[in-house]
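Within every chain, numbering begins at 1; the chains are lettered A, B, ... in the order of the sequence lines, protein sequences first and strands thereafter. No experiment lies behind these values; they were computed from the predicted model shown. Because only heavy atoms are used, hydrogens play no part in the values below, and waters and symmetry mates are left out as well, while side chains stay in.
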6 protein chains.
Amino acid sequence: MLLQLSTWPEVESYLQHSPGIIFPIGSTEQHGPNGLIGTDAICAEAIAKGVGESTQTLVGPTLNVGMALHHTAFPGSISLRPSTLIAVIQDYLKPLVRYGFTRFFFINGHGGNVATLKAAFAEAYAYLAEANLPRADQVRCRVANWYLCREVYQLAKDLYGDQEGSHATPSEVALTQYVYPDHIKQAQLDPAVAPSGHPIYGATDFRQHYPDGRMGSNPGLATPEHGRQFYETAVKSLSRSYLEFLAES
Amino acid sequence: MLLQLSTWPEVESYLQHSPGIIFPIGSTEQHGPNGLIGTDAICAEAIAKGVGESTQTLVGPTLNVGMALHHTAFPGSISLRPSTLIAVIQDYLKPLVRYGFTRFFFINGHGGNVATLKAAFAEAYAYLAEANLPRADQVRCRVANWYLCREVYQLAKDLYGDQEGSHATPSEVALTQYVYPDHIKQAQLDPAVAPSGHPIYGATDFRQHYPDGRMGSNPGLATPEHGRQFYETAVKSLSRSYLEFLAES
Amino acid sequence: MLLQLSTWPEVESYLQHSPGIIFPIGSTEQHGPNGLIGTDAICAEAIAKGVGESTQTLVGPTLNVGMALHHTAFPGSISLRPSTLIAVIQDYLKPLVRYGFTRFFFINGHGGNVATLKAAFAEAYAYLAEANLPRADQVRCRVANWYLCREVYQLAKDLYGDQEGSHATPSEVALTQYVYPDHIKQAQLDPAVAPSGHPIYGATDFRQHYPDGRMGSNPGLATPEHGRQFYETAVKSLSRSYLEFLAES
Amino acid sequence: MLLQLSTWPEVESYLQHSPGIIFPIGSTEQHGPNGLIGTDAICAEAIAKGVGESTQTLVGPTLNVGMALHHTAFPGSISLRPSTLIAVIQDYLKPLVRYGFTRFFFINGHGGNVATLKAAFAEAYAYLAEANLPRADQVRCRVANWYLCREVYQLAKDLYGDQEGSHATPSEVALTQYVYPDHIKQAQLDPAVAPSGHPIYGATDFRQHYPDGRMGSNPGLATPEHGRQFYETAVKSLSRSYLEFLAES
Amino acid sequence: MLLQLSTWPEVESYLQHSPGIIFPIGSTEQHGPNGLIGTDAICAEAIAKGVGESTQTLVGPTLNVGMALHHTAFPGSISLRPSTLIAVIQDYLKPLVRYGFTRFFFINGHGGNVATLKAAFAEAYAYLAEANLPRADQVRCRVANWYLCREVYQLAKDLYGDQEGSHATPSEVALTQYVYPDHIKQAQLDPAVAPSGHPIYGATDFRQHYPDGRMGSNPGLATPEHGRQFYETAVKSLSRSYLEFLAES
Amino acid sequence: MLLQLSTWPEVESYLQHSPGIIFPIGSTEQHGPNGLIGTDAICAEAIAKGVGESTQTLVGPTLNVGMALHHTAFPGSISLRPSTLIAVIQDYLKPLVRYGFTRFFFINGHGGNVATLKAAFAEAYAYLAEANLPRADQVRCRVANWYLCREVYQLAKDLYGDQEGSHATPSEVALTQYVYPDHIKQAQLDPAVAPSGHPIYGATDFRQHYPDGRMGSNPGLATPEHGRQFYETAVKSLSRSYLEFLAES
């Protein structure tokens, strides 16, 4: 059930039996020579829709732009500042909590979002309490990174070993190939496996150390069929996580 | 050409021949008993993709949540505060201007966004100049409301006359029916034409005066075939507008 | 009745019979070679005082500086950023709502203020509700542009036709001449009618396209006697608007 | 020379021979049973115009609303938050520094503004440097409190002794009587001299300790003739201060 | 009793008999050729601990970095912007007021903090009321500058006369020598007494006028024994001030 | 070498041979029935001083208050909002980068700081670049959590096994006992090992699930001698980390 494809009376009904909502959050950032700029949003959205279907849960619109300041030396990357994303999350939560939502499950496709999301949740809990919303004390937010699900991680290791890397990975590229089989890009990957190991600082430093945008990965290994496996594994794993989140005391 | 489905080297190439980018911006807000909550984003996104194709222009990810604070007494509506949206627009523009983009065309599906977008453009122009970006003085932003295109407006008048109204209109509902024919909602519309004429203030006041969310409209008149006409009319009209925007001295 | 010339017990008494207050809002910005930098504030203030007298309404102090970032390539122009003006409006409203004011009528002299004011009203309604002020849900703000009153617009058309233009117009210049007959400026206007038609972007772009600051206008046509007519027409028209605003259900 | 009554070419000329501008800043706040709510702005504006005339200096529009949060338990008082006023000052300075102004002299009528103004100046100096404005390092701001000029202070002591008090003082009330002789208010002052000595905290606490708004003052002693003396004394004293400020190495 | 060395149950007990807490606030800024960068924090912290002991009052952690933007042309100086410090103070107060603290006594070692602290207190009082905290109306904050205590001031005058100056003073240097006898710095002070009299503007201007960082002072006069006297005098004086603050009606 | 105990000429000299500075960051928050509220700051500060000595590195003043909003249902806890901490970090970095510092090593004692610090670093890198600071692109920040050093973690496991827990742990309590042997608190710990496993949401929820503040820990196992071991292990491990950070290409 997608919020965007629902009417407000349908949401009102939904709230009779569930206080939970899922938000996909991605990023709009370079993913190496052959990865799509929307990779993180595409993956998060596809998996969130799958989890929504399997758990009968409302799925909100995708947060397409996340915290990717370190990628902004590569054309096409866009980012919110952390303080902007904190404000955005607060704005999302305020009306939803007033309607009765208290469980927010963010299915995330981008490692760079995690820190800011956690900061945003903390700031939101405190603000909701200050604004004296009735259910403020019951609000719970969770960020669930699809690529860190144990089974997903294992699958990536089995398929790619060390060539999975940590950005523009074959696993995420595979998933976008599964979702958008007509947009599989060919690119000369030189070297086959990108450099790795340098920590993330500012945008210019990032590009100096990761000149084509990849971090230790070989996305040339990706196939749409792998993507299907990642999709199904992630949906299964995160559906279970979501239900546990909802059932938490 | 969609930014989300492009690679960064493709964006780099694109910038060799065009400084323009299109962003669809919608809203996540109630659209009456049978209108989709994502109506404004769905319409803006569909039309933006059409304009992008017809003009060979890069289309960025959809801004799904806009300024809809006045709708937040209806479950499911989400809004950014104006000051948050101003920050978001600034964040989007900063890296894009650094890459070389200077023409930003926002195809908008929600009247409530217009004021804040205009404010955001003004604040962004000033900030970009303070941050000493090379092309700051050449940056131009435009908000293009598909529903106000002369030909679209005329079509709505021809098809619905006074029953077009100003929110949850048959024209926008028709367009969503064309885009999502499997998500056409049935609802008892009582009365057939909703109340109208009360100005927009806060969320509670809005709901008191517009109890089912519609403003002077009869979305029961919408058909997917109408939606196709609106789509084609809007794409044609806004493609022309975009090219004029790009060609402006 | 001017707030600045009242005592607090007088305001307390006033609130017994009216929840309304009028705020003039102008701008401090270039108005071409012979227009006063304070034109928008002078016009708004004069008309607001007239409306206040004719409707027995409290008139607050003039907001002299508005949103005029696009004029800031001309010496003497000052502007608030939109996000600052949003904060200012929120600050004004908070105590006034606590005292019992719920109807805020902004008589505006500057087109560039409108978008930001509308954004500010939306943000204020939401914040007042979050701060749990007793009458937050009843607060209503209105921006009334004196130059767009139907009768004013018609008068300008009758007097100046196409030479009215859209900035540094003969109508507003005339009004300042009526209010400040000792400060009528002479200036060579070359050409008699300024360029027009270029949209408003950033400050540098504005000055490039409107080199002397005027937009399509010939303020050389202005006379103090015209100014008197504009004043009287606007006061009459906005007095009616204000009373309708107050009487709204 | 008033900025509001000047044209932009006149400002351009002015900058050829002076980098200085004067801003009156007041407040919109209760001034006891018979003091005008606009007292601080009225006094600051009148004196600033006088100083402007005697020193041939440009005088900007009056900042009518200052930092008066502690007065907001009395109907009619309005205040900016300190952080808003800091933003306002920064916004004022940015374009003016770009035009060539580097000496900002704020003639102030309200003690509550001083701390925030000083904080605002510090924040503005730093921001202007970060925005790389050409003359950022030469910018100097000064707050000049008319009521603290040595000669003014002496005059108040001579005329009123201990009954001058510290808010809604006979000296400031006298000055408003001189400026607005038609708006002299009569009020029963009970007791003749208000309580004094309690420090300023929040708005509710303030009203509890100063129930009619006065602080240790007897504004019943004010006369328009006193007002004239205060006006002339302050203009003379601050004109000298301004010229010294301008001449500082 | 130090907050940092207490447990939460001890704080809970403390609140049974006192609503007061002391915060030392200093600065991290240059103090001339031989003054410690932490001088203001060291002095404030030492004295606050003394006052806490003598009055049985809880002492919170030291605010080590204050508002010192004008010192930031000298290596090692750090500063918060005023608007940041305002946010910090608000954040400190919110939970403490919720626990039951209503008397906040800031023992301050840096003149540059005073304006921003006063602004911060005003903003905090207002915000606490908006957030509807139970005791918001009873909250009182006080800034107590140890160097301005009458007895301290007299002692400095007796010991140093005109060579006390106003920054990097022998009195504060002496106090740090008493607290950190192993960190007494030797430096050639040339001239013995630094320049004085230039007002404080931005950082670059400050360094131009005060090239070694001192303002009218001769810190070469300082001795640890003087420091002991300043310490004892200040503790005695501020203990009395704190108790009066607590006893205020 | 402590910044607080240095003079500005000493800092100037230091910068000739090193661009690095260490900041201890802790928190002011409940640490269970017998843990000190300042635990995280005490640990971070002690270790930072040790690392500073062993590596000849400048150590800045301790950030005593961090992001601990989830602890604010326990008396005595204080927290910055994440957005405030982001502003604080930006303020710290701006002048230091201007002086020549480019390597910032935050020795952290509180898990709740990590997300916000990472967000703050990202926002700071971007802002420094916008402010056009000379070395903006070379700035690198690192958060180093002493309790997560491999050798420290192993020691805690060896000493306490499962009773280490994740908040108010015996390891951190031991370290404070080593640093402040005179402030060892006795408290009945009931149960000996606190509950664990519940995720962290808002403050009220936290206290409901962790009624005495501990999370899965038994701080009754702590001894000052353990503390010494933790101290030495952490200093050794983080000294190595710091030097590697400095040597990074």
Taking the six-membered ring for Trp, are B:His209 and B:Phe206 ring centroids under 6.0 Å apart?
no
Would you say the ring centers of C:Phe23 and C:Phe105 fall short of 6.0 Å from each other?
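For C:Phe23 and C:Phe105, the ring centres are not under 6.0 Å apart.
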Under 4.5 Å heavy-atom distance to chain C, tell me which part of [X] shows up: side chain, backbone, both or neither.
X        : result
B:Tyr127 : neither
B:Thr72  : neither
B:Tyr201 : both
B:Val139 : backbone

Salt bridge (charged side-chain N to carboxylate O under 4.0 Å, His left out) against C:Arg103, all qualifying residues, sequence neighbours excluded
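So C:Arg103 forms no salt bridge (charged side-chain N to carboxylate O under 4.0 Å, His left out) with any residue.
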Flag the pair B:Glu151 and B:Arg240 as a salt bridge only when some basic side-chain nitrogen lies within less than 4.0 angstrom of an acidic carboxylate oxygen.
yes
What part of C:Ser79 gets closer than 4.5 Å to chain B, counting heavy atoms only: side chain, backbone, both or neither?
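For C:Ser79, no heavy atom lies under 4.5 Å from chain B.
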Top contributor to chain C contacts, counting heavy-atom pairs under 4.5 Å, from [options]:
options                      : result
B:Ala203, B:Gly112, B:Pro199 : B:Pro199
B:Lys118, B:Arg81, B:Met67   : B:Arg81
B:Gln138, B:Glu248, B:His70  : B:Glu248

I'd like to know if the side chain of B:Ser171 pairs up with that of B:Glu164 as donor and acceptor (distance under 3.5 Å, no hydrogens or angles considered).
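Present: a donor and an acceptor within the cut-off.
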Should the ring pair B:Phe104 and B:Phe101 be called parallel, tilted or perpendicular, given that the plane angle runs from 0 to 90° and is split at 30 and 60?
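Ring orientation, 0 to 90° scale: tilted.
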In terms of heavy-atom pairs under 4.5 Å with chain B, which of C:Leu128, C:Asp205, C:Thr84 leads?
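Heavy-atom pairs under 4.5 Å are most numerous for C:Asp205.
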Are C:Ser77 and C:Ile37 packed together at the side-chain level, in the sense that at least one heavy-atom pair is separated by less than 4.5 angstrom?
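Contact flag for C:Ser77/C:Ile37 side chains = no.
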